[in-house]
Amino acid sequence: MSAYLVRRLFESALILIGITLVTFVLLYLVPADPARQIAGRSATVETVQNIRDQLGLNDPFFLQYWRYLTALFQGDMGRSYLQRAEVSELIATRLPASLLLMVAAIVTELAFGLTIGIVAALRRNKPVDHGLMIFSFVSISAPQFVIGILLLYVFAVKLGWFPIGGYGTFAHVVLPAVTLGFLGAGWYSRMMRSSVIDVLGQDFVRTAQAKGLGKARIILRHVLPNAILPIIAMIGIDIGLFMSGIVVVESVFGWPGIGQLAWQAIQRVDIPVIMGVTMVSATAIVLGNLLADLVAPLVDPRIKMK
Amino acid sequence: MLQDLLTRPRAAFGLFIIVLMVGAAVFAPWIMPHDPFEQSFDGLSLVGAPLPPGGDFLLGTDLLGRDLASRLILGTRTSLIIGVLANGIAILLGAGVGITAGYFGGWVGAILMRFTDLMMAFPALLLAIVLAAIFQPSLLIVALVIAMVNWVQMARVIYTETRSLAERDFITVQRALGAGHLRILLKHLLPHLLSSIVVFGTLGISTTVLLEATLSFLGVGVQPPMPSWGNIIFENQTYFSTAPWLVFIPGSAILLLALAFNLVGDALRDILDPTLKGRH
Amino acid sequence: MNQPVLTVRDLSVQVATPSGAKMVLEGLSFDLRAGETLCLAGESGSGKSMTALAIMGLLPKPMCRIAGGSVKLGETELVGLSDAGYRQIRTARVAMIFQEPMTSLNPLMTVQQQLSETLLEHGACTRAEAPGRALQLLRDVQLTEPDRRLKQYPHELSGGMRQRVMIAIALACDPEVLIADEPTTALDVTVQAEILDLIRDLQRDHGTAVLMITHDMGVVAEMADRVVILRHGCEVESAPVRDLFAAPQSAYAQELLAAVPRLGSAPPRPAKPQGPTVLKVDDLTVRFDVTGGLLNRVTARVHAVEGVSFDIRAGETLALVGESGCGKSTIGKALLGLVPWQGSVLVNGRQTRGMGPARLKPVRRDIQMVFQDPGASLDSRMTVGDQVAEPLLIHGLASGSELTDRTEHLFRRVGLSPDMMARYPHEFSGGQRQRINIARALSLSPKLIVADESVSALDVSVQAQVLGLLQEIQDEDGLAFLFISHDMAVIEQVADQVMVMRLGQVVEEGARDAVLRDPRHAYTRRLLSAVPVPDPTQLRHERIETESLGSPIWPAGQGPEKLHLNAVAPDHRVAV
Amino acid sequence: EVDENAPMGGSMIVTYKDDVATLDPAIGYDWQNWSMIKSLFDGLMGYAPGTTTLRNELASSYTISEDGLTHIFKLKDGIKFHNGREIVASDVKFSLDRVTNPETRSPGAGFFGMIAGFDDWSAGNGEGLSGVKVIDDKTVEITLSRPDATFGHVMALNFASIVPKEAVEASGEDFGREPVGSGAFKLAEWSPGQRVVFERFEDYHRANLPKLDQVTFEIGLEPTVALLRLQQGQADIPGDGIPPAQFLQVMNDPAQKAHVIEGGQLHTGYITLNTQMAPFDNVAVRKAVNMAINKDRIVKIINGRAVPANQPLPPTMPGYADDYEGYAFDPAKAKDMLAEAGFADGFTTELYVMNVDPNPRIAQAIQQDLKEIGITAEIRNLAQANVIAAGGEADQAPMIWSGGMAWIADFPDPSNFYGPILGCAGAVQGGWNWSWYCNEDLDARAAEADAMTGEANAAARIEAWKSIYLDVMEDAPWVPVFNEQRFTLTSGKVAGDASLFVDPVHIPVNYDYIYSKEAE
Ligand SMILES: Nc1ncnc2c1ncn2[C@@H]1O[C@H](COP(=O)(O)OP(=O)(O)OP(=O)(O)O)[C@@H](O)[C@H]1O
Ligand SMILES: Nc1ncnc2c1ncn2[C@@H]1O[C@H](COP(=O)(O)OP(=O)(O)OP(=O)(O)O)[C@@H](O)[C@H]1O
Ligand SMILES: [Mg+2]
Ligand SMILES: [Mg+2]
């Protein structure tokens with residue numbers, strides 16, 4: 001177990017380092033000069049050169065990368081070029097909002113997705129099932145920003161049930177979380193449905209029936225725990241989707257998370273911030289997957305950590 | 001297969017929508033009621049507000065006074081071209097990597113799959129935005145960028161499937177018969193992977209259309225004035241409360257297209273996968 | 001005799017298929033009395049399982065339904081019983097064990113949980129008593145280390161153990177009727193024998209009525225008091241077991257019984273001229289690495305095959321027997337270069353050690369393999385004609401009309417009509433598919449065919465046909481076979497030489513009659529004694545208990561002790 | 001005029017979408033933090049509220065030598081930093097040295113180029129600006145290397161704010177998060193991404209100021225949301241302005257319109273035509289383009305929140321030529337001119353634009369106008385940084401629409417519209433003169449005009465600048481499109497002279513002088 005954990009952590013670290021390299025190369029290729037963004041309009045060409053020198057932007061690529069990597073290993077993500085604040089601090093102030101949104105969205109999508117999936121599977125090929133599956137198709141197909149704007153329009157502007165964007169209370173988190181979780185609810189309901197159907201067809205369910213167990217017990221004790229297994233791995237992968245969704249949803253709802261930070265940073269080639277945000281989201285994705293892999297054996301005794 | 005699709009109401013509906021949209025894209029010049037680029041003087045109210053649906057402009061006008069219906073019809077082209085192009089590239093890349101890694105395994109496979117893992121961990125949208133910033137967006141670049149983001153899942157799916165197929169008896173038999181790699185790959189593996197590729201392909205088109213819309217929504221997609229459903233929304237989104245039709249009509253178009261491909265893809269999965277026969 | 005506990009009258013079951021409703025069971029009637037064992041026998045698909053599920057009220061919904069008839073448990077009519085009514089009866093009065101012990105237990109619950117659940121559901125004991133009762137049940141089914149087993153999950157148990165747990169669950173509430181649907185088909189012969197013994201013992205102690213479903217006439221002969229033979233969902237014959245075996249009335253029963261291979265009844269193998277040696281294997285060793293730890297280093301190895309040596313001459317059949325996992329298939333694969341191996345393999349005089357796929361290609365024209373599962377070894381997306389022709393293309397042996405001619409010839413050779421060539425594998429029955437596999441293997445005119453459990457998946461009658469085909473081919477072409485099987489009776493029919501394997505090593509080898517009629521190694525004897533004898537008049541063999549099998553997995557650097565074979569007779573060697 | 005006796009007390013909420021980047025006066029350079037810094041920090045010079053009139057701020061007197069090279073500032077008595085320490089002359093030197101120190105990487109360093117010793121110091125040599133001398137605790141003498149009439153304005157820039165050395169050194173790079181100045185307000189709270197709170201600085205050097213006890217900046221509110229907040233009485237000023245989408249709605253509602261104050265802005269939106277790239281190296285082509293753009297329509301597209309422009313300077317800027325006609329909209333004539341220039345069939349070119357609404361829309365309007373005269377302009381819709389990078393290359397961006405990155409004057413002086421964006425100095429790789437327009441003659445006249453110091457020359461100087469800009473238009477390197485107007489919406493709970501709500505240097509409002517009606 002611990003050897004496994006160590007190896008997985010090591011692999012994850014390698015992946016993250018790989019990501020720093022890819023991002024760094026990409027940003028190196030972006031045809032925009034951060035020094036000019038910093039220098040401002042009144043700057044002379046010499047000043048810009050000077051700033052480039054100071055930031056080491058004139059150094060060869062690998063030297064720059066090496067410098068970044070060594071600093072990163074010491075926990076230093078650098079300073080924002082434009083805000084002059086520690087990237088770690090900028091992220092730290094925004095991460096809680098994003099995490100809150102993410103957790104709320106995961107709860108939303110699981111609550112909806114799993115319930116819908118189970119109900120649809122148990123009412124397979126009945127009108128209820130068809131209705132729910134059409135709903136899930138729609139939710140998979142709907143662009144997040146349209147859903148976001150629609151929810152905002154209907155529930156905040158027209159009905160006034162929720163605040164129109166912003167951050168702070170529970171009411172604030174509802175619409176963004178639903179928007180973000182909407183897509184996931186569709187996926188999960190479909191996966192859960194086929195998973196439940198799969199499990200329902202398995203021999204041990206027949207055994208449970210042959211034992212004379214009640215329907216509720218069969219579903220709760222035998223079907224659901226088995227049906228949920230394939231879903232666990234999905235939750236890990238999901239984090240990646242969230243990271244993408246968050247940029248959009250945060251911009252629609254004015255949610256002060258790292259999606260907005262990333263968007264602004266990309267607009268203005270604030271390289272340390274872009275790197276930082278990429279690292280944080282990649283870490284979240286990697287950790288999510290790792291966590292899913294670590295949780296799986298706890299739920300499923302058959303899986304050995306290898 | 002077509003017959004199979006048509007007998008399923010949902011898939012038939014999806015197919016119908018797709019045919020409709022392809023038709024709209026192909027015949028756009030003939031069916032557009034107005035010039036989609038013309039910023040018509042009559043297209044704006046006196047104070048410069050867009051016109052709501054109805055009247056001369058069937059679906060209303062956008063903030064520049066252009067006919068929304070015409071722009072939507074022309075936007076079908078963009079969405080479909082991107083969908084097909086990006087998805088095609090993603091499939092080639094993803095299936096190529098997946099099959100190679102899955103069939104040959106060894107260190108080549110290990111390196112390919114580690115790379116795939118790495119790309120998995122990359123926040124996809126960030127990657128797309130950064131790529132879009134490096135290469136000035138054009139239809140082809142946008143398609144490439146989306147393909148870059150989307151091939152990963154394809155590779156994963158195909159890899160897993162190739163791995164399990166490669167273990168199957170009928171492939172072992174081929175090896176025992178002395179068949180070369182190329183023959184095994186093309187004649188035996190590929191036909192079995194084809195259903196996944198087709199299914200993933202159709203589902204991928206919907207993801208692609210959505211991603212293009214998102215990129216356009218963030219302002220890094222297809223270049224104006226070429227309409228794409230995403231950038232129509234992008235240009236007009238802040239007006240959603242005063243001119244909701246500008247957001248929700250193109251939004252519904254995206255939804256409908258993605259829905260159509262999802263429905264067809266899902267039905268194809270059932271039709272092409274014999275183990276799923278009879279339980280949809 | 002006492003009143004029947006279970007009365008089935010005119011039972012009919014219908015399934016919905018895409019082409020309309022289909023009767024899979026029609027007008028079946030029988031009685032089952034306490035303490036009696038009734039066997040339902042018949043080929044695959046004859047409706048045996050449907051009968052069992054219909055009685056249990058577990059027919060897969062919504063495709064299947066009872067179309068008519070009655071099932072009475074004592075005085076209770078089961079047909080049309082409500083869900084709640086069925087729940088009280090299941091396991092409490094009628095219990096069932098299923099064919100697949102591997103999948104019939106919930107993988108996420110411990111043995112104890114699954115047992116207690118049953119007990120508590122039917123109020124057989126209180127929650128506090130449950131663990132004790134569960135333990136007692138495990139003792140009753142003679143599970144080793146019952147205390148430990150209670151805490152284990154199904155995947156930690158072997159197939160035999162799981163089937164014992166299933167039986168424990170089935171008997172938890174002391175049911176009047178026990179339905180066992182092919183309870184031993186998925187198990188090794190020795191384990192099968194143990195399970196059958198167990199069921200018999202329990203039945204004796206509890207007076208349970210047993211409805212046993214099987215397609216193995218050996219099992220029927222050993223277990224049944226009475227037999228009902230089904231075919232295409234209809235009863236063909238119903239008779240006490242002795243009567244049936246002594247004088248089957250219906251043509252179908254006669255045919256079925258005739259096809260059953262009987263150990264010890266095979267005619268002597270015809271003497272053959274000593275052909276040239278087509279395969280010479282020396283000290284063949286195959287090990288699979290098990291990796292783990294921080295750096296994913298090899299921590300252990302599966303010693304699948306350890307120092308096996310043998311020769312096969314042209315026109316000769318060498319049979320390889322042994323329990324599941326002993327390395328039989330691995331030997332076959334090694335011979336074709338499908339797994340990495342050490343030692344020496346001479347095919348038709350050519351050393352194949354260290355050859356890559358390219359250099360092995362010509363060798364593969366001399367040695368071919370036919371696998372156990374005829375369906376899985378055919379590509380479902382290619383016509384069978386193309387598949388049979390493919391080896392000729394690969395090796396550039398024919399093309400154009402010559403290719404078609406040769407393919408047609410091969411089809412005819414295995415008893416198939418050439419106009420079937422354009423069909424896909426799923427359009428054939430299991431026996432036909434195996435013929436196609438054989439045709440494909442023959443296409444290269446090999447000197448030796450490795451037949452890996454090539455008839456195990458087939459019904460007895462089909463099995464007999466395929467075996468006949470193989471024999472015919474051997475007689476005509478002087479082909480050599482390496483025949484891998486776990487079925488002693490089959491081996492007796494086809495083998496010239498027999499090699500018994502255990503944990504990757506040979507324990508006994510020699511001429512067929514020497515090994516099968518005069519087994520010297522305890523393990524060989526045990527294998528033989530476990531084979532059910534399809535003759536109800538014959539006394540069952542005394543079971544020979546041996547120590548548990550052990551595992552082929554050894555930590556890196558260690559390995560099993562090497563066995564040496566001693567000659568006990570001119571053509572008969574046994575490990576000491 | 002400003003009511004000095006307005007009541008004191010009360011508070012106000014201002015909303016913003018984006019986080020405050022920094023409050024360091026040497027760094028902050030966006031319109032959001034510009035006025036916030038103005039309230040937290042003071043420099044030697046400042047502006048009379050609501051006007052562009054220079055006045056002494058921390059300085060009690062400001063004298064300029066005859067030759068215009070030596071400027072002597074005397075500090076007021078008893079002025080204090082927020083940390084309680086009295087401000088002395090060495091703080092002035094420290095502050096100016098700091099902002100021009102290359103290590104500081106201040107985007108405003110270039111403004112101080114006229115101070116003697118700037119070139120050495122900004123190249124990293126020496127111990128600070130040699131031209132800034134501390135005479136005694138109250139007196140600073142600043143020597144210029146050339147006479148410069150804008151120097152007073154430069155000293156009123158945020159970049160010239162006086163900062164306490166000890167606080168700067170204690171905070172290091174984080175000074176922008178923990179600002180200590182001597183302005184009317186001091187920072188009370190900063191929750192990144194959520195809110196920034198200013199509270200009254202009791203020891204402020206002007207009596208009875210500021211009027212408000214507290215100003216709260218709520219961060220992360222989309223303009224649409226901000227407007228709703230305001231309508232519900234939960235905010236007083238939407239810092240990002242009235243959202244374009246709701247502009248008409250607000251203006252059509254008399255109740256709300258009553259709370260809208262309109263004013264000019266020192267802003268010009270323009271299209272640069274790269275004078276070094278064919279075919280824009282042909283002045284006739286540039287003029288034709290000038291005549292092709294339908295500015296009224298573009299103004300309509302942004303709901304009339306601007307006035308069409310015909311010259312670089314905005315109307316509120318001294319030197320604006322009222323009587324100048326510019327190039328009137330005349331596509332027919334433009335087409336003829338193109339034909340004469342040899343482009344009867346038009347040509348294909350590219351138009352760069354920043355990818356934030358409404359700029360892509362405006363670009364499309366421009367595109368359509370160009371198409372009328374046969375020019376096919378492909379739009380390059382890119383992130384801000386990429387547009388700036390493209391403009392800084394001599395041969396990359398033939399046309400750029402400046403929106404989103406446009407020139408808002410740093411100080412109300414005509415010279416501010418010339419140097420980096422129209423002068424030769426900016427027409428270098430990485431520069432901001434995206435037209436790559438370099439007229440040596442005009443450069444010389446600009447230098448002359450800036451050397452005209454003193455009150456007496458003021459009028460002549462303005463005239464000189466006026467003619468410079470009109471001559472620029474002769475070469476037509478730009479198409480001036482519009483001057484944005486300011487529309488400040490308030491909740492009605494805050495009050496003050498109207499000019500305070502459209503203060504030319506304090507955007508959106510002059511925080512120091514407006515007061516709360518609740519305090520009355
Ligand atoms: N779910 C189902 N839907 C449709 N047909 C079915 C279904 N299950 C079984 N059948 C059909 O019912 C018939 C009887 O099946 P049954 O399982 O009873 O056979 P069996 O005698 O138990 O065979 P085996 O020895 O292979 O288990 C077969 O023809 C089978 O194809
Ligand atoms: N590729 C492999 N990797 C690791 N272990 C393997 C592999 N193939 C087979 N083994 C192991 O080698 C041993 C021998 O396997 P093999 O398939 O030869 O057994 P068998 O005698 O054919 O059994 P069965 O009768 O069940 O087919 C088993 O323990 C098996 O688990
Ligand atoms: Mg069965
Ligand atoms: Mg085997």
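Chain letters run A, B, ... following the sequence lines, proteins first and then strands; every chain starts at 1.
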I'd like to know whether CZ of Arg423(C) has more than 12 heavy-atom contacts from other residues, nucleotides or ligands below 6.0 angstrom. yes
Contact class of Leu360(C) relative to chain B, heavy atoms under 4.5 angstrom: neither
Report, as yes or no, whether the 6.0 Å neighbourhood of atom NZ on Lys187(B) holds more than 12 heavy atoms from other residues, nucleotides or ligands. no
So which atom in Ile394(C) and which in Leu177(B) form the shortest heavy-atom distance, rounded to 0.1 Å? CG2-O, 4.1 Å
Quick check on His395(C) against chain B: is it the side chain, the backbone, both or neither that has a heavy atom closer than 4.5 Å? side chain
Could you tell me the separation between the CG atom of Leu193(B) and the CZ atom of Arg381(C), rounded to the nearest 0.5 Å? 9.0 Å
Rounded distance [0.5 Å steps], CE in Met369(C) versus OG1 in Thr172(B): 8.5 Å
What distance separates Met382(C) CE from His188(B) NE2, expressed to the nearest 0.5 Å? 4.5 Å
Check whether Ser443(C) gets within reach of chain B through its side chain, its backbone, both or neither, counting any heavy atom under 4.5 Å. neither
Working to the nearest 0.5 angstrom, can you tell me the gap between Asn437(C) CG and Asp169(B) CG? 9.0 Å
Side chain Arg364(C), main chain Arg175(B), donor-acceptor under 3.5 Å: yes
How long is the straight-line distance from CG of Leu378(C) back to CZ of Arg168(B), given to the nearest 0.5 Å? 11.5 Å
Could you tell me whether Arg183(B) and Glu390(C) make a salt bridge, using a distance below 4.0 angstrom between a side-chain N and a carboxylate O? yes
May I have the step-by-step check of side-chain contact (heavy atoms from CB on, under 4.5 Å) for Gln387(C) and Val173(B), ending in yes or no? CA-CA 11 Å; Gln387(C) 295 194 60; Val173(B) 170; over 6 Å; no
Rounding to 0.5 Å, atoms CG (Asp379(C)) and NE2 (His192(B)) come to a distance of 3.5 Å
Heavy-atom closest contact (Leu338(C) atom, Ala176(B) atom, distance): CD2-N, 3.9 Å
